[in-house]
Amino acid sequence: MQIKLKDNSILDVQNNATVRDVAQKISEGLARNAVAGCVNGKMVQLSSPVKDGDVVEVITLKDERGMEVFRHSTAHIMALAVKRLYPNAKISIGPALKDGFYYDFDFEKPISADDLPKIEEEMGKIIKSGIKFERAEITREQGLKIFGDLNETYKVEILSDIPEGETISTYRLGEYIDLCRGPHLEDISIIKAFKLQSVTGAYWRGDEHNKMLTRIYGTCFPKKSELDEYLDRLEQAKLRDHRKIGREQELFFISPYAPGMPFFMPHGMTVLNLLQSFWREIHRKAGYQEISTPMAMSRELWEKSGHWAHYRDNMYTFTIPGDEQEFAIKPMNCPGGILYYKENMHSYKELPLRVAELGKVHRHEASGTLHGLFRVRCFTQDDAHLFMRPDQVVDEIEGILKLVEQVYSVFGLKYFIELSTMPEDHMGSLEDWATAEGYLKEAMNRLGLKYILNEGDGAFYGPKLDIHIEDAIGRTWQCGTVQLDMQLPKRFELEYIDENGDKKEPVMLHRVIFGSIERFFGILIENFAGALPLWLSPVQVKVMSLTDRTASDATDLVDKLNAMGLRAEADNRNEKIGYKIREAQLHKIPYMVVIGDKEHETGNISVRHRKKGDMGSMSVDDFIKLVKQQNDTKALD
């Protein structure tokens, strides 16, 4: 019989062939590395049969789908280990995650992180034993009996929600059986490196009214070196935690009186103001006009924009006493930018119109999701809304992508782009969507940019480009986005007068580059481990007097540096110089200057750099020239 491969080529295989047979027919190397198959878009075991005409893809660990099979199989091995050590523990759910897995259990007696090593040891024994996963298909009724007899009450509850007559798959590993779609590894010996990381609480089905279960998190990799590298990244992430550094460097804090709403201290405000000044400078040069729109606007506006229907639960609303009109604090800046456009009639000659706003928005996020500056309830979006003629769309997208490169390169950040296409729940015609996606593709092709296709993940109103930056330890963060909106111009009846005097509907682009300035600040803190580039550092130079006799020299130098537009502070405390240097190092101040009697006599200064260490003696003029050059060029260390 014949099957079709991913590249549309045809392969002849014997009748009753399996996915494994297909892999072997392609190459022995592929067969050795195969962990699962994808037949007609559905993930299956290697032992699954294929039929004439099937579209077959062989999955390896180089594919994220293969790693998901790998991680999920390891989760089942952990569950078996737990059941062997704690026979009365009840199992609930255990999915694979991006970098690992977890499983939720109901233990008779609480366990802690101290119990994880013995679970790991039992997992090692299971892997060495060479037992295999056994797949079976059962009915709902059979499942209720199997798991009822095992007293697995959580599995019984899951089964009770499944319609009668539906076929269900189970996977058995030794004496452990679980409901699972699969597939799983057919050779668990390839699991060479795993680590159980933590024990936390988790409500059954995420509902706080249900019982609190015990969640065990773990990670796993095909090679020990990969596990070691991952654990090192986690350790690095702990050291770089922006919340910890934010406290140490007095940048920001979160008050219990305003959860999810950061307070910025003077040093933090310095950084935010510098980021915003940089943003304003490059946008002015790129032909953007800056506006400011109200923090709160009437319900009528949000109903017209569609936010009231689709986003109401995340909005802060209020009614002014004595006024029947309901208002909402803006969760997004778009409607305000649109009202600015509608304030005047526009000619085709005025377009494109690039309207930018550093607008504070408020969104009610669940308390359990709040996390430092990364997940907050109020933040500043560096929004821009561009209104244009259809013939200008590709040029404008290209201009945005050039601006993205200009901004991220200043911080030394690498990035990649995802093109998210039409979702199932969408508005507008297929023709409109095809045209819009074509605009985005053409702009990237013109610039020679590679992108990842993220099918079906566009916004309901149009396709988008999501821009993910990569930090110093390999983590990725989605920051910038370019969205082509095909709905709001219609909802708000936006118009311009074309060359023939006719009214036409403009094309609208939404875009952000930082995304949230507060979140971007947090990312920078972690990327640079608190050692922000000199141009962003709240204090660029700390001048330390060695004795009381040289305190006035330190103060004079600070005054001179500040007069040059730099940011310097004097440390004339009666403390040992080693203590002063260590404190400046903790705050990651780029330059430390020491002035003692010798420096007072020669007129030179002793300079230290936070990374390079002792730089020796230097004239004041040479030092100012060095620091000013790094500041003005926004140089990285």
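Just so you know, these numbers use all the heavy atoms, side chains as well, and skip hydrogens, waters and symmetry mates. If you're wondering where the values come from, they're calculated on a predicted model, not measured in any experiment. This chain uses plain numbering: 1 for the first residue, then up along the sequence.
In this structure, the side chain to side chain contact (heavy atoms under 4.5 Å, CB included) partners of D621, at least two apart in sequence or on a different chain, are K560, S619. Taking K211 as the reference, D106 meet the side-chain hydrogen bond (donor to acceptor under 3.5 Å, both in side chains) condition, with sequence neighbours excluded. Applying the ring-ring contact (aromatic ring centres under 6.0 Å, His included) test to Y316 and every residue at least two apart in sequence or in another chain returns H364. Scored by the salt bridge (charged side-chain N to carboxylate O under 4.0 Å, His left out) test, K576 finds no partners at all (sequence neighbours excluded).
Using a cutoff of 4.0 Å between basic side-chain nitrogens and carboxylate oxygens, E365 and R377 are not scored as salt-bridged. Using a cutoff of 4.0 Å between basic side-chain nitrogens and carboxylate oxygens, R375 and E518 are not scored as salt-bridged. Salt-bridge formation is not detected for the pair K223/E229: no Lys NZ or Arg NE/NH1/NH2 atom is positioned less than 4.0 Å from an Asp or Glu carboxylate oxygen. Classification of K402 and E398 as a salt-bridged pair holds, one side-chain N sitting under 4.0 Å from a carboxylate O. For the pair E290 and R354, the salt-bridge criterion is not met [side-chain N within less than 4.0 Å of a carboxylate O]. Note on R608 versus D614: no salt bridge recorded, every NZ/NE/NH1/NH2 to OD/OE distance being 4.0 Å or above.
Looking at N273, its side chain does come within 3.5 Å of a backbone N or O of M269 through a donor-acceptor pair. With hydrogens and angles ignored, the 3.5 Å screen pairs a side-chain donor or acceptor of D382 with a backbone N or O of G515. Side chain of T476 to backbone of I469: no donor-acceptor contact under 3.5 angstrom is found. Put simply, the side chain of K580 gets close to the backbone of D571: a donor and an acceptor are under 3.5 Å apart. Under the 3.5 Å distance criterion, the side-chain polar atoms of S516 are matched with a main-chain donor or acceptor of R519.
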*Verify salt bridge (Lys or Arg N to Asp or Glu O under 4.0 Å) between R71 and E64, making sure each step is shown before the conclusion.*
CA-CA 10 Å; R71 296 176 189 126; E64 182 56 31; 2.7 Å; yes

*Are F221 and Y230 close enough, and set up right, to give a ring pair (Phe, Tyr, Trp, His ring centres under 6.0 Å), and what steps lead you there?*
CA-CA 9 Å; F221 292 88; Y230 173 74; 5.3 Å; yes

*When you look at N572 and S545, which way does the side chain to side chain donor-acceptor pair (under 3.5 Å) test go after all the steps?*
CA-CA 5 Å; N572 290 325; S545 56; 2.7 Å; yes

_Working note: K118 + E122, criterion salt bridge (Lys or Arg N to Asp or Glu O under 4.0 Å); need CA distance, chi angles, decisive distance, verdict._
CA-CA 6 Å; K118 66 181 179 183; E122 188 63 33; over 6 Å; no

*Evaluate the side chain to side chain contact (heavy atoms under 4.5 Å, CB included) criterion for residues I452 and I417: first the C-alpha distance (whole Å), next the side-chain angles of each, then the deciding distance (0.1 Å), finally the verdict.*
CA-CA 6 Å; I452 297 168; I417 301 173; over 6 Å; no

*Step by step, work out the side chain to side chain contact (heavy atoms under 4.5 Å, CB included) result for M544 and V593.*
CA-CA 6 Å; M544 311 170 191; V593 172; over 6 Å; no

*Going through the distances and angles, do Y579 and R573 end up as a side chain to side chain contact (heavy atoms under 4.5 Å, CB included)?*
CA-CA 10 Å; Y579 176 83; R573 294 175 299 168; 4.0 Å; yes

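Using a 4.5 Å cut-off on side-chain heavy atoms (C-beta onward), Y311 and R363 make contact. H307 is listed as a side-chain neighbour of M315, based on a closest heavy-atom distance under 4.5 Å. The closest side-chain heavy-atom distance from W279 to L275 is not below 4.5 Å. Counting heavy atoms from C-beta outward, F70 and E68 have side chains that stay 4.5 Å or more apart. With contacts defined as side-chain heavy-atom distances shorter than 4.5 Å, the pair L370/V376 does not qualify. Side-chain contact between W302 and K330 is present, with at least one heavy-atom pair separated by less than 4.5 Å.
Aromatic rings of F252 and F521 (six-membered ring for Trp) have centroids beyond the 6.0 Å cut-off, not under it. For an aromatic pair to be called close, the ring centres must be under 6.0 Å apart, and F520 with F411 satisfies this. The aromatic ring centres of F374 and W477 sit less than 6.0 Å apart. Taking the six-membered ring wherever Trp is involved, the centroid distance between the rings of F101 and H72 does not fall below 6.0 Å.
Pairs of residues two or more places apart, or lying in two chains, that qualify as salt bridge (Lys or Arg N to Asp or Glu O under 4.0 Å) and include a residue from residues 594-605 are R549-D597. Every pair passing side chain to side chain donor-acceptor pair (under 3.5 Å) that includes a residue from residues 526-541 is listed here, sequence neighbours excluded: H242-E526, R475-E526, Q540-N631.
More than 12 heavy atoms of other residues, nucleotides or ligands sit less than 6.0 Å from atom CZ of F318. Atom CG of D207 is surrounded by more than 12 heavy atoms from other residues, nucleotides or ligands within 6.0 Å. Atom NZ of K628 has more than 12 heavy atoms from other residues, nucleotides or ligands within 6.0 Å. Heavy atoms from other residues, nucleotides or ligands lying under 6.0 Å from NZ of K634 number more than 12.
A ring-ring contact (aromatic ring centres under 6.0 Å, His included) with H468 is found for exactly one of Y408, F416, Y451, Y415, namely F416.
Note that CD of Q381 and OG1 of T481 are 10.0 Å apart. Values are rounded to the nearest 0.5 Å.
Checked by atom type, the side-chain pair Y340/E357 shows no donor-acceptor distance below 3.5 Å. Of the N and O atoms on the side chains of R511 and H385, not one donor lies less than 3.5 Å from an acceptor on the other residue. A donor-acceptor contact under 3.5 angstrom links the side chains of Y591 and Q630, judged on distance only. Of the N and O atoms on the side chains of N562 and D559, not one donor lies less than 3.5 Å from an acceptor on the other residue.
Across all their heavy atoms, L61 and M67 have their closest contact at O-CG, 3.4 Å. When every heavy atom of T74 is checked against every heavy atom of C220, the shortest pair comes out as OG1-SG, 3.4 Å. Across every non-hydrogen atom of K611 and A531, the tightest pair is CE-CB, 4.4 Å.
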